[in-house]
Chemist: 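Here it is, the structure in full.
For the numbers below, each heavy atom of this structure counts, side chains included, while hydrogens, waters and symmetry mates do not.
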Amino acid sequence: MNSNENNEKDVKNTLSDREVTEHTASLWKYNPVPDSPEPYPEYRNSYEQYSGGEIIAARVRGKKHKHEGSNCDDWYDFTRIDDWVIAVVSDGAGSKPLSRIGAKVSCEAASACLKNELSELKGKLPDITADLSKPFDDPGFNSVCSRLAQLVQDCFSDAYSAVEGAYMIRSGKPEFEEELGRKPDLKDYSGTLLAAVMIPVQNGEHFVIAVQVGDGMIASFNSGADHNGALRILGNADSGAFAGETEFLVSEKMRTPESLGSRTRIQRGKITSLMLMTDGVADDYYPNNPQLLRLYTDLLLNGVIDFPQKEENAASETELKAPEPVAYPWVNDSSVSYSLQYSKNVMKETGDGLEALWDSRFGEVMRHSSLESFGVDNGKTKSERLSVWLDNYVERGSFDDRTLLIINTSER
């Protein structure tokens, strides 16, 4: 056999990305949440509308956990002080069997701490939004910014104390020792912690302060900006000594003032969406800059984020190339499938790259490619549609728990 025949055989034996994902999707099995101490629900989603915008959040149990019959380890929490939004996300360590508990209590403690401390600060500083609107080199801006940074960082200590308390309360309880086959220790409750506070200021801008310990991602979007100015990354995924490792809240070195200070990010500007996510989502859109713009367009296509209202005299594009939505078997029940749309399929159909796709994100090709255009409705609310999308979108090598919390502002 000559080299040309070998090459032809190799091409025939090469599976397309679609064929690979269809094959792997059929291999996953479903086992329910186990009968374990404090089992966590397979799904959780939330939606809240307020005067300054809306909050959409969902968390789903990953394919690997379903296949193995283990618990989801992610959690999220959010709260508001009028139109100030506090958002927190945590991913419990997959190798730690009680990490789901650490993830939940750390989120709840950080959220409560931030609400209490920010409420008090807001009462003491009635001009705080005016100060946050001043130039970056203004002493008033720097003073308030420093106080906010210290406050957010201090709440990570509250979150750690909550994890430590959860460990101590459960120590000696036989059901937890039976689940582990040994006595639990503090590291069994390990998890990441991502927190952000979003405050509307003057001139239609928002101020964001974010702190991240561990992997996952915090990012802001300006849907009105071009490709180069639309995305801002507001956190760095911490890595351990080996590939695939991450750092956790229970690590003492992660909670030092120096460490938390280096993990603090601020932004002020035109922000239409702020997103916090665990690595189950962030890793599927790598490198995050610019691939999180594809995440945004995926959310548009699947009805999680609204297209803006069309202008009455907007020109229509000709020769529309809208790909059909894709459906894979649902892990929970292979006889059921959910149709989803993917930005990468729109790009493949049109021949566009991500920059061109972003520049045409609100155009007719995108609108005609959306699930709504095909008459597909995956939920009555945006949080339900987010939950279905998180639970069912297929990416090669992706099987982790997925959590995404979105704050959309009324500036869209």
Chemist: Is the shortest side-chain heavy-atom distance between Glu384 and Asn378 below 4.5 Å?
Modeler: no
Chemist: Any side-chain donor paired with an acceptor under 3.5 Å for Asn71 and Ser36?
Modeler: yes
Chemist: Determine whether the aromatic ring centres of Tyr30 and Trp330 lie less than 6.0 Å apart.
Modeler: no
Chemist: Compare every heavy atom of Pro39 with every heavy atom of Val33, then report the nearest pair and how far apart it is.
Modeler: CG1-CB, 3.8 Å
Chemist: With distance as the sole test, does Ser259 use its side chain to make a donor-acceptor pair with the main-chain N or O of Arg255 at under 3.5 Å?
Modeler: no
Chemist: Checking Asp73 side chain against Asp401 main chain: does a donor-acceptor pair fall under 3.5 Å?
Modeler: no
Chemist: Would you say that Asn236 contacts Gln212 through its side chain, given a criterion of any heavy-atom pair below 4.5 Å between the two side chains?
Modeler: no
Chemist: I'd like to know if the side chain of Ser133 reaches the main chain of Thr129, judged simply by a donor and an acceptor atom lying under 3.5 Å from each other, with no hydrogens or angles considered.
Modeler: yes
Chemist: Give a yes or no on whether the backbone of Phe374 and the side-chain of Glu372 come within a donor-acceptor separation of less than 3.5 Å.
Modeler: no
Chemist: Compare all side-chain heavy atoms of Ser220 with those of Leu234 and state whether any distance is below 4.5 angstrom.
Modeler: yes
Chemist: Go through the structure and list residues passing disulfide (SG to SG under 2.5 Å) with Cys72, not counting sequence neighbours.
Modeler: none
Chemist: Is there a side-chain contact between Arg170 and Tyr189, using heavy atoms and a 4.5 Å cut-off?
Modeler: yes
Chemist: Please determine if Arg263 forms a cation-pi arrangement with Phe156, meaning its NZ or CZ atom is less than 6.0 Å from the six-membered ring centre and no more than 45° off the ring axis.
Modeler: no
Chemist: On the ring face of Trp389, is Arg402 found with NZ or CZ under 6.0 Å from the centre and within 45° of the axis?
Modeler: no
Chemist: Within the distance-only criterion (no hydrogens, no angle test), does the side chain of Arg385 pair as donor or acceptor with the backbone N or O of Gly379 below 3.5 angstrom?
Modeler: yes
Chemist: Any side-chain heavy atom of Cys145 within less than 4.5 Å of one from Ile266?
Modeler: yes
Chemist: Counting N and O atoms only, with roles assigned by atom type, does the side chain of Asp154 sit under 3.5 Å from a partner on the main chain of Leu151, one being a donor and the other an acceptor?
Modeler: no
Chemist: Which pair of non-hydrogen atoms, one from Leu292 and one from Ile233, has the smallest distance, and what is that distance?
Modeler: CD1-CD1, 3.7 Å
Chemist: Of all the heavy-atom pairs spanning Leu274 and Ile218, show the shortest one and how long it is.
Modeler: CD1-CG2, 4.2 Å
Chemist: Do His368 side-chain atoms and Glu364 backbone N/O form a donor-acceptor pair below 3.5 Å?
Modeler: yes
Chemist: Do Phe176 and Glu38 make a side-chain contact, defined as non-hydrogen atoms from C-beta onward lying under 4.5 Å apart?
Modeler: yes
Chemist: Once the angle between the rings of Phe362 and Phe307 is folded into 0 to 90°, is it parallel (under 30°), tilted (30 to 60°) or perpendicular (over 60°)?
Modeler: perpendicular
Chemist: Which atom names give the shortest non-hydrogen contact between Pro34 and Ser70, and what distance separates them?
Modeler: CD-C, 3.8 Å
Chemist: Does this structure show an ion pair linking Lys382 with Glu54, if we count only N-O contacts that are shorter than 4.0 Å?
Modeler: yes
Chemist: If you measure only the distance, is there a donor-acceptor pair under 3.5 Å linking the side chains of Thr192 and Asp91?
Modeler: no
Chemist: Output, in order, the C-alpha distance, side-chain angles, deciding distance and verdict of side-chain contact (heavy atoms from CB on, under 4.5 Å) for Asp283 and Ser398.
Modeler: CA-CA 8 Å; Asp283 287 358; Ser398 175; over 6 Å; no
Chemist: Could Lys321 and Glu349 be called an ion pair, given the rule that one side-chain N must be under 4.0 Å from one carboxylate O?
Modeler: no
Chemist: Is the backbone N or O of Val89 less than 3.5 Å from a side-chain atom of Asp77, with the two atoms forming a donor-acceptor pair by type?
Modeler: no
Chemist: Taking only Lys NZ, Arg NE, NH1 and NH2, and the carboxylate oxygens of Asp or Glu, determine whether Glu179 and Arg100 approach each other closer than 4.0 Å.
Modeler: yes
Chemist: Can you name the residues that form a disulfide (SG to SG under 2.5 Å) with Cys155, not counting sequence neighbours?
Modeler: Cys113
Chemist: Please report the shortest heavy-atom distance between Phe248 and Val213, naming the atom on each side.
Modeler: C-CG1, 3.9 Å
Chemist: Could you verify whether a donor N or O on one side chain and an acceptor N or O on the other, from Asp391 and Tyr338, lie under 3.5 Å apart?
Modeler: no
Chemist: Between Arg59 and Tyr76, is NZ or CZ placed under 6.0 angstrom from the six-membered ring centre and within 45° of the ring axis?
Modeler: no
Chemist: Given side chains that start at C-beta, do those of Val250 and Tyr167 come closer than 4.5 Å, heavy atoms only?
Modeler: no
Chemist: Do Tyr296 and Met275 make a side-chain contact, defined as non-hydrogen atoms from C-beta onward lying under 4.5 Å apart?
Modeler: yes
Chemist: Any side-chain donor paired with an acceptor under 3.5 Å for Tyr393 and Asn302?
Modeler: no
Chemist: Tell me, yes or no, whether the heavy-atom count around Lys134 atom NZ, taken from other residues, nucleotides or ligands under 6.0 Å, exceeds 12.
Modeler: yes
Chemist: If you compare all heavy atoms of Ser334 against all heavy atoms of Pro329, which two are closest, and at what distance to 0.1 Å?
Modeler: O-CB, 3.8 Å
Chemist: Quick one: does Asp188's side chain have a donor or acceptor within less than 3.5 Å of a partner on Pro97's backbone?
Modeler: no
Chemist: Got a donor-acceptor contact below 3.5 angstrom from the Arg265 side chain to the Val208 backbone?
Modeler: no
